[in-house]
Structure formats: C-alpha cells, structure tokens
Number of protein chains: 2
Amino acid sequence: MAASSIRARVRAEMIDEIKVVARRHLATDGANLSLRAVARDMGMVSSAIYRYFPSRDDLLTALIIEAYDALGAAVEAADAGPDRLDLRGRWHAACRAARDWALTHPAEYALLYGSPVPGYAAPDDTIGPAQRPPVTLVGILRDGLAAGRLSPPPADGLPGELRADLAEIADAYFPGVPEALLARGMAGWTQLFGLISFELFGRINRALPHRDAYFDHQTALMADLIGLPRD
Amino acid sequence: MAASSIRARVRAEMIDEIKVVARRHLATDGANLSLRAVARDMGMVSSAIYRYFPSRDDLLTALIIEAYDALGAAVEAADAGPDRLDLRGRWHAACRAARDWALTHPAEYALLYGSPVPGYAAPDDTIGPAQRPPVTLVGILRDGLAAGRLSPPPADGLPGELRADLAEIADAYFPGVPEALLARGMAGWTQLFGLISFELFGRINRALPHRDAYFDHQTALMADLIGLPRD
DNA sequence: CTTCGTCAAGAGCAGTGCTCTCTGTTTTGT
DNA sequence: ACAAAACAGAGAGCACTGCTCTTGACGAAG
C-alpha cells in the first residue's frame, strides 16, 4: 500500500508537471496547445503523455477547470475584502479582480470565455467552477437586499415566461432574490464579461489609453443600474 | 485590354468561389478552416489556392471583412426601419438585428468576436467595417440628442483623463455627443456583445429557455441606463 | 510566331493528434 | 520469494495540416 502510494504520488506529480508546462505553453504560444511541444519540454516522447491524459481535450479540460477555479477564487477573495455593507466597494473589488486575473492570464481567459473549439464540448465538471464569479456578484445584491440597503427594482417590465425562468435560477442559486434584481445582476455580469473581452481581444478603441478609468466608470454605471447605494 | 479583362473576370470569379466554399466550411466545421479541404471541394489541389490567396490568414481576413460588413449592413438596415424619433424602437431593432445575424452566422461571429488566433493580427482594413455597429448605436443617441428627446447624463463622475479619451473618440466619430453619453452608448454596445457571446458560446444558463425575452429585457435595461424615452 | 505571364499539379518539408507495438520496470497476489 | 499483472516510456506509423518549390501546359501580347 505504501509502495503503491509512492507510485501514485509520482504519477500525481507527473500530471501536475504536465499541467504546469501546458499552462506555460498556453501563455506563450496561445490557444493552440501542442501536445508534442509539451512532451518535448518534459523530455518525453509525445505518446507518453497519453499515459496521463487520454486526449488533448482532456488536458485542456483540466486546465479549464483550474482556470475557472483560479478566477473564481480571485473574485471571491476580492469580494471578501470590504465591509459587508459596503456594496459598491464589494462590487468594484470583485469586478477589478476578475479583470486583473484576465489581464494576467489572457490565454486562460480566452480558453474560458473565447470562442468554443468546434469539436470540443465542455463537460459538466466545468459548470460548477464556472458559476463562482456570477454567484459572487449576485451574492452582493442578496446581502444588500437582506440588509435593507437595496430596494428591488419594479418587476412590471418582466414578461411572465422570463419571470418564471429567472425564478427557477433564483431558486437554484440565489433563494430570496427577486427576479428583476437577478436580471440586473446578470446584466452586470454580462457587462463585466463584455468589458474584459473587448479589452483583451483588442476590439476596444485604440484611442482609449486610460483603461483602468474606463473600466471603473463602466462598472460604476452598472452599479447605478442595479441600484447599489452610493453612500 | 478586353482579353485581359476576361482573364481578370475569371480570376475574380475564382476568388469569389473560394470565399463561398470557405464560408461553407466555416459554417459546418467551425473556426479551424482547412485550405486543403476548400481546395478539395473545388476540385483543385491545395497549392493552387495560393495563386489567389497568399496564405490562409489572408483568406481569413477576406472573410472577416465581409462578415463585418454583413453584420454592419444588417444593423444599419434594422436601424433605418423605425421612425427617426422612435429611439427605443431603433435601439431594439438594431440590437435584435445584431443578435439575429450572429445566431444565423455563429462561426463568422466567432471569427469576429471570439478569441483572437495567436499568430494572427487583424489588419487595418478591418477596423472600418468593424466600427459600423457601434457607430450605428451611438448614432441613435446622437439623433435623440439633436431632437431634444434625450438629455445628456451628468458628467461629474468622469475623471479628467477618461473624459479626454472619450472626447477624442467623439471628435473622430460622433461630433457633438457629450462624453458621458458616449460612455453610456459604449456600455450598451459592450452589453450587446456580451449578451450575444454568452448566448452563442454556451455560457448562458441552460435554465433560460426564453432567450428572446431575456435578450429584449436586457437591452431594454441598457436603454433605461442610457436614458432613451419610453413613450 | 515567339515570348512571357499565369495557372494547376505534384512532390516534399515540418508540424499536428493519435494508435499500436515493443521493452523494461514496478507493484501485486499467491 | 516468485510469477503474474499493471504500468511507463520509446518508437514507428497513419492521416492530416499550412506552405514552398519545381515542372509542364495554356493563353494572351508583341
């Protein structure tokens, strides 16, 4: 058993090293990760990698899950910083953390939120980690509502079918959050994703050198839309 | 000269057919376009393609430019439908047109707004067509401002440096549009892009079957943020 | 009628993911 | 303790990719 675990430990270390090298390749060479190049860097032959990952897609999936978790952890840690009642402070901290992580890990961000690879379908293991950032954001709204520092927006503009969809999501992840507020929270999350993607994928105007200020202003606009108090 | 132009015409038709076949491959097989497969479909050998396009990236660039123009034309046509003073009608029409185009041309949309290919840098020819949708959207705000149906938002929250950046963009594309309003317009454009990307790239909640209603509600929220009158 | 530019084909290079077979080592069951 | 089974890595090979270079044929221009 102890002898078995030494083999298992070597194997686990091998898997880790493959992921580290693969992540390095991802950062330098971009999204088209080459198994052979990873193997070359490790002094192995390409077919040996298949002892540890059944296919290239499985290696990518492992990297994706870890990236989701890293992003989620960064956002959660930032949200945990300010006072619980400082809703705007938490909002900005969480948004900035997501952007900072994306800017320091552009290739991994592209892996998560870029165009999906045609043949590749993200397995179910990814959906849990993927939801950590939006759950954190809407959590800020939930806390604000509970503390009475946030009034739910009018729900009159919501069609019934959409309201039912949103209620289902709220039941699963955010019990007690009214549908209209949830919709606004999702709008904030969509905007955050759009802002980061525009900046990272280079579609943003070149004539916008002060990107930090632009980002902060746009996230503040969304905080206004959601109704976070200024205090 | 006439004989020369017959040769040139055949050449132009050849280029067109390559692009048509390539677009078909793009739609079925996804983003990794294979030159050899295109050549095979045309009954040619792969090296013959290089008579017409110096590289695969150049072929992709041609497709990208045409896709930008198609999307831009769709958005502009939709915007031209409603009465000029029906700002909200124009806004929704333009947003829906962008989404419809993306849903019917997912691979081309991914080419435009997905993760950039590592080695590939979009040439300058693309930035003109790429700006047609946002120019159209902000044009709605400009018209509303000129007609007095839209009041510019307060500019007190804008840092000076950001204000200068926005003023430069406004001078180049939207003369007369105040900085704070331009920022809101860009927020709307970012949100539109984020909404479409989330839906198309599958990151949207599976538990949201009524996507049309969701999309309309989210774009209406942005119209509220911008200050488009309800009437 | 010859010359020259264009076109398509073919071979070939370096690279890719992946499979299969072979050898050597390590762990496991008796 | 020893044989059996599992595992790790190497190597060859398949089908595919983008791209280059050379060769031969054809049509337009002088």
Side-chain angles (χ1 to χ4, degrees), chain A residues 1-19 21-22 24-26 28-64 107 111 116-121 123, chain B residues 1-19 21-22 24-26 28-64 107 111 116-121 123:
Chain A
M1 203 48 146
S4 161
S5 73
I6 204 176
R7 199 192 184 98
R9 194 162 60 228
V10 169
R11 185 180 171 81
E13 282 173 13
M14 206 69 182
I15 290 181
D16 272 353
E17 192 181 339
I18 291 177
K19 286 197 278 197
V21 173
R24 200 172 57 222
H25 264 89
L26 214 56
T28 60
D29 297 353
N32 21 12
L33 178 68
S34 160
L35 265 186
R36 294 179 114 108
V38 172
R40 221 175 297 136
D41 266 25
M42 298 188 58
M44 290 168 63
V45 88
S46 73
S47 58
I49 301 277
Y50 288 84
R51 295 275 164 199
Y52 302 95
F53 291 94
S55 80
R56 197 192 83 125
D57 282 357
D58 289 84
L59 173 54
L60 275 181
T61 299
L63 295 178
I64 286 175
L111 211 58
V117 186
Y120 177 80
Chain B
M1 203 48 147
S4 163
S5 74
I6 204 177
R7 200 192 188 104
R9 195 163 59 229
V10 169
R11 184 180 173 83
E13 282 173 11
M14 206 69 182
I15 289 180
D16 272 353
E17 191 182 340
I18 291 177
K19 286 197 277 196
V21 174
R24 200 171 58 222
H25 265 90
L26 215 56
T28 60
D29 297 353
N32 20 12
L33 177 68
S34 160
L35 265 186
R36 293 179 114 109
V38 172
R40 222 174 296 137
D41 265 26
M42 298 188 59
M44 290 170 62
V45 88
S46 73
S47 57
I49 300 277
Y50 288 84
R51 294 274 162 202
Y52 303 94
F53 291 94
S55 78
R56 196 193 84 126
D57 282 357
D58 289 84
L59 173 54
L60 274 180
T61 299
L63 296 178
I64 286 175
L111 212 57
V117 186
Y120 176 80

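All figures in this text were calculated on a predicted structure; none of them were measured in a lab. All chains are named by letter (A, B, ...) in the order of the sequence lines, taking the proteins before the strands, and each is independently numbered beginning at 1.
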TODO: To the nearest Å, give me how far apart NE2 (B:H25) and P (D:dG18) are.
DONE: 10 Å
Open item on the list: For a quick check, with a 4.0 angstrom heavy-atom cut-off, what is the B/S/- contact string for nucleotides 7-17 of chain D, read 5' to 3'?
Closed with: BBBBB-B---B
Task: Whole angstrom value for the distance that separates P of D:dC19 from CG of B:D57 - done: 7 Å
Task: side-chain hydrogen bond (donor to acceptor under 3.5 Å, both in side chains) involving A:S34 - partner list, sequence neighbours excluded - done: none
Task: A:V21 versus A:M42, closest heavy-atom pair with distance - done: CG2-CG, 4.0 Å
Open item on the list: If I take atom OH in residue B:Y50 and atom C1' in nucleotide C:dT6, what distance separates them, rounded to the nearest angstrom?
Closed with: 19 Å
Open item on the list: Looking at every non-hydrogen atom in both residues, tell me the closest pair between B:A39 and B:S46 and how far apart they are.
Closed with: CB-CA, 3.6 Å
TODO: State, without any angle test, whether B:D58 and B:S55 hold a side-chain donor-acceptor pair at a distance under 3.5 Å.
DONE: yes
TODO: For residues A:D41 and A:R24, determine if any side-chain heavy atom of one lies less than 4.5 Å from a side-chain heavy atom of the other.
DONE: yes
- [ ] Starting from C1' on C:dA8, measure out to CD on B:E17 and report it in whole angstrom.
- [x] 15 Å
TODO: Nearest whole angstrom, please: distance from the C1' of C:dC18 to the CZ of A:F53.
DONE: 16 Å
TODO: Find the distance B:R9:CZ to D:dA28:P and express it as a whole number of Å.
DONE: 12 Å
Task: B:P123 to B:T61 - nearest heavy-atom pair and separation - done: CG-CG2, 3.4 Å
Task: Atom-pair distance (CD1 on A:I49; P on C:dT19), nearest Å - done: 14 Å
